[in-house]
Amino acid sequence: MIRRGFMKAEWIYIHDMKNYIDKKVEFRGWLANRRSSGKIQFLQLRDGSGFIQAVVELSRVGEDVFNSSSALKMESSLTLIGTVVKNERAPNGIELLAEDVKVVGIPNEDYPISKKDHGIDFLMDNRHLWLRSKRQFHILNIRHNIIKATRDFYNNRDFTLVDTPIFTGSIGETAGNLFEIDYFDYGKVYLTQTGQLYLEAAAMSLGKVYNLGPTFRAEKSKTRRHLIEFWMNEAEVAYYRHEDNMKLQEDLVSYIVKHVLENCAESLSALERNTSVLEKVQAPFPRITYTEAVKLLQKKGFDIKWGDDIGADEETGVAKEFDKPVIVEKYPRELKAFYMQPDPENPQVVMCDDMLAPEGYGEIIGASERIWEKDVLIDSLKSKKLPVEGYQWYLDLREYGSVPHSGFGMGIERVVAWLCGLEHIREAIPFARTLYRVYP
RNA sequence: UCCGGAUUAGCUCAGCGGUAGAGCGGAUGGCUGUUAACCAUUAGGUCGGGGGUUCGAGCCCCUCAUCCGGAGCCA
């Protein structure tokens, strides 16, 4: 039998097909799964914009088309002409009644990811294919929307985007957890673990600034909350004090959550995320001081005393007390970085805050008012045993027109994991770099 | 780095010191409304490597490797 020419119709994405009921359209995409029943086949299709079922009936398409459709294996690529019809029996309420099917590519090998369970090691080895699955599709969609909301939030408030460098000198925090790179004849440089110091410089030019980019921590962290390479949004505002800073963080997180609830309902539902807890996330958030947190934890039976850091279990213990993100402020000076402004009312603590997500998702923001007086900063560097001479340009910021300023960093993947309800942060980024894994 | 756990078919896992198992996936056949479709048949294994105990080891012991989970650090 001679194969007739492929029919013609307008190429429509699945996402838009609901607007084409009873119209003939062309689908271009992949076969995610199939169920067949002799003279009828149900193709589960995806095209990057969503998922839809196509029905291929032998009596409608003829033997030729039916057979080429039968030859499709998992993750074959194809185009298909069909009519969009409403049908209650279809997974999304609409389906494609196929009229013509054209094979683009059929794999020779079996597709490694099947419908049944897989172990995490296998899935991570096949991350390049795992991304095609429904769950990963929805997680990445939410991640995209979190990043979009973050940018919108700052842009709406007249912040200026300032891209901070990836290669840096040793300036920053402690040098032990930095990745070292050979930089031609210059010698050693490091992959950034924060753009903060650069943002402070930019804030003195542009007032309100933010960045969004990758950061690197050479820490042998092996937990569900840690990545070696992760994306961070940082903001820095001239003349902002501690209080202004906390307000900005609350507004940002509220904005992101609202945006995701409004724009990602389908994805949240596909991930079976309980959205009622997310709907409560509106500013203002509860705030407690470090000192109060320690007392609270002691009352709950934790072995902690003033001056100890708040570990993972303790964080969850604090966060459990609230149904919104909670801000823990004013930590002991010894626990925190050199650039944080001491509290004028109690120099033992600094004007910093951590925002802890609910449901045990941990710290999503770390923030502080920065020291702006040059001599105080030099004293702080010395007391932390850091080389003052290495901070020349940073000290210049305190020499020329120094002003109070504050800022913070928000971990994108932590927010993604929280909003998606993920058990592990490695699903919150397309290609996770964890301890001992850089493949694929 | 420390503390736990795991390693058996392509994948997920059972397996009591005595002939190597299931589900999924693959192949073949059946079925015009499937929803992780179903039914039948079938192929598929040096039980992570090395050493030891034993008449006999997937199972017990030692060792190495890899992976997973947790802690510290942090976002």
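Below, chains carry the letters A, B, ... as their sequence lines are ordered, and counting in each starts from 1.
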How would you label the contact of A:E315 with the nucleic acid (heavy atoms, under 4.0 Å): base, sugar-phosphate, or nothing? base

Interatomic distance, A:L335 CG vs B:A75 C1' [rounded to whole Å]: 17 Å

Donor-acceptor pair present, A:H226 side chain and B:C74 base, under 3.5 Å: yes

For B:U7, give the paired nucleotide (Watson-Crick: N1-N3 plus N6-O4 or O6-N4; G-U: N1-O2 and O6-N3; both under 3.5 Å), or none. B:A65

Which base, if any, makes a Watson-Crick or G-U wobble pair with B:U34, both distances under 3.5 Å? none

Side-chain ion pair, A:E26 and A:R28, N-O less than 4.0 Å: yes

Using a 4.0 Å heavy-atom cut-off, does A:E109 contact any base of the nucleic acid, only the sugar-phosphate backbone, or nothing at all? nothing

Using Watson-Crick geometry (N1-N3 plus N6-O4 or O6-N4) or G-U wobble (N1-O2, O6-N3), each under 3.5 Å, B:U42 is paired with B:G26

Using the C1' atoms only, state how far B:C11 lies from B:U54, rounded to an integer number of Å. 35 Å

So if I define the base as every atom that isn't primed, P, OP1 or OP2, how would nucleotides 25-32 of chain B read as a B/S/- string at a heavy-atom cutoff under 4.0 Å? SS----BB

Ring centroids only, cut at 6.0 angstrom: are A:F51 and A:F137 within range, meaning strictly under it? yes

Distance-only check: which donor-acceptor pairs under 3.5 Å involve side-chain atoms of residues 407-417 of chain A, not counting sequence neighbours?
from	atom 1	to	atom 2	distance (Å)
A:E413	OE1	A:W231	N	3.0
A:E413	OE2	A:R143	NH1	2.9
A:E413	OE2	A:R143	NH2	3.2
A:E413	OE2	A:W231	N	3.3
A:R414	NE	A:R225	O	2.9
A:R414	NH1	A:E363	O	2.6
A:R414	NH2	A:R225	O	3.1

Interatomic distance, A:W130 CH2 vs B:C11 P [rounded to whole Å]: 16 Å

Say we look at B:C38 and B:C31: how far apart would their C1' atoms be, to the nearest angstrom? 9 Å

How many Å lie between CE on A:M410 and C1' on B:C74, as a whole number? 16 Å

Pair A:Q341-A:S368, side-chain donor/acceptor within less than 3.5 Å: no

Mind checking what makes salt bridge (charged side-chain N to carboxylate O under 4.0 Å, His left out) contact with A:E279, not counting sequence neighbours? none

Can you say whether the rings of A:Y290 and A:Y331 are parallel (under 30°), tilted (30 to 60°) or perpendicular (over 60°)? tilted

Taking the C1' atom in each of B:C47 and B:U34, what is the distance between them to the nearest angstrom? 38 Å

Check the geometry between A:F42 and B:G33 and answer yes if their rings are stacked (centres below 5.5 Å, planes below 30°), otherwise no. no

Distance check, C1' atoms only: B:G44 and B:A20, in whole angstrom units. 13 Å

Should the pair A:K247-A:D244 be classified as a salt bridge under the 4.0 Å nitrogen-to-oxygen rule? no

Touch class at under 4.0 angstrom, heavy-atom based, for A:N33 against every strand present: sugar-phosphate

So that I know where these two stand, are A:F216 and A:F230 an aromatic pair - ring centroids less than 6.0 Å apart? no

Round to the nearest Å and state the distance from A:H118 atom NE2 to B:C13 atom C1'. 13 Å

Describe the nucleic acid contact of A:F122 in one word from base, sugar-phosphate, nothing, applying a heavy-atom distance below 4.0 Å. sugar-phosphate

Strictly by modelled atom types, are A:Y154 and A:N233 linked by a side-chain donor-acceptor pair under 3.5 Å? yes

Write down the distance between CD1 (A:I304) and P (B:G72), rounded to a whole number of angstrom. 11 Å

Provide, to the nearest angstrom, the distance between the CG atom belonging to A:L97 and the P atom belonging to B:U34. 16 Å

What's A:N233 touching, base or sugar-phosphate or nothing? Going by heavy atoms closer than 4.0 Å. nothing

I'd like the P distance from B:C2 over to B:A9, given in whole Å. 30 Å

Residue pair A:E413/A:Q44 against RNA chain B: nearer the 5' end by closest nucleotide is A:Q44

Taking N or O atoms only and anything under 3.5 Å, show me the protein contacts with nucleotides 63-69 of chain B, one pair per line.
from	atom 1	to	atom 2	distance (Å)
B:C67	O3'	A:D121	OD1	3.4
B:G69	OP1	A:R426	NH1	2.5
B:G69	OP1	A:R426	NH2	2.4

Judged by each residue's nearest nucleotide on RNA chain B, which is more toward the 5′ side, A:G119 or A:A312? A:G119

Between B:G51 and B:C13 - C1' atom distance, rounded Å: 29 Å

Provide the Watson-Crick or G-U wobble partner of B:C13, both distances under 3.5 Å; none if there is no partner. B:G21

Which of residues 359-367 of chain A have a heavy atom under 4.0 Å from RNA chain B? A:E363, A:I364, A:I365, A:G366

Going by side-chain hydrogen bond (donor to acceptor under 3.5 Å, both in side chains), name the residues that satisfy it together with A:R35, two or more places apart in sequence or in a different chain. none

Charged N-O contact under 4.0 Å between A:R273 and A:E266: no

Mind checking who B:C74 pairs with, Watson-Crick or G-U wobble, both distances under 3.5 Å? none

Salt bridge or not between A:R437 and A:D121? Use side-chain N to carboxylate O under 4.0 Å. yes

Between A:K39 and A:E57, is the closest basic N to carboxylate O distance under 4.0 Å? no

Checking all strands, does A:Q53 fall into the base, sugar-phosphate, or nothing category for heavy-atom contacts under 4.0 angstrom? base

Which whole-number value in Å describes the distance from A:R127 CZ to B:C11 C1'? 18 Å

note: A:R35, atom CZ; B:C24, atom P; distance rounded to Å ~ 15 Å

If I pick the P atom on B:C39 and the same atom on B:A22, what distance separates them, to the nearest angstrom? 15 Å

No-hydrogen, no-angle side-chain donor-acceptor test under 3.5 Å, A:Y111 and A:N33: no

Could you measure between the two C1' atoms, the one in B:G21 and the one in B:A14, and give it in whole Å? 7 Å

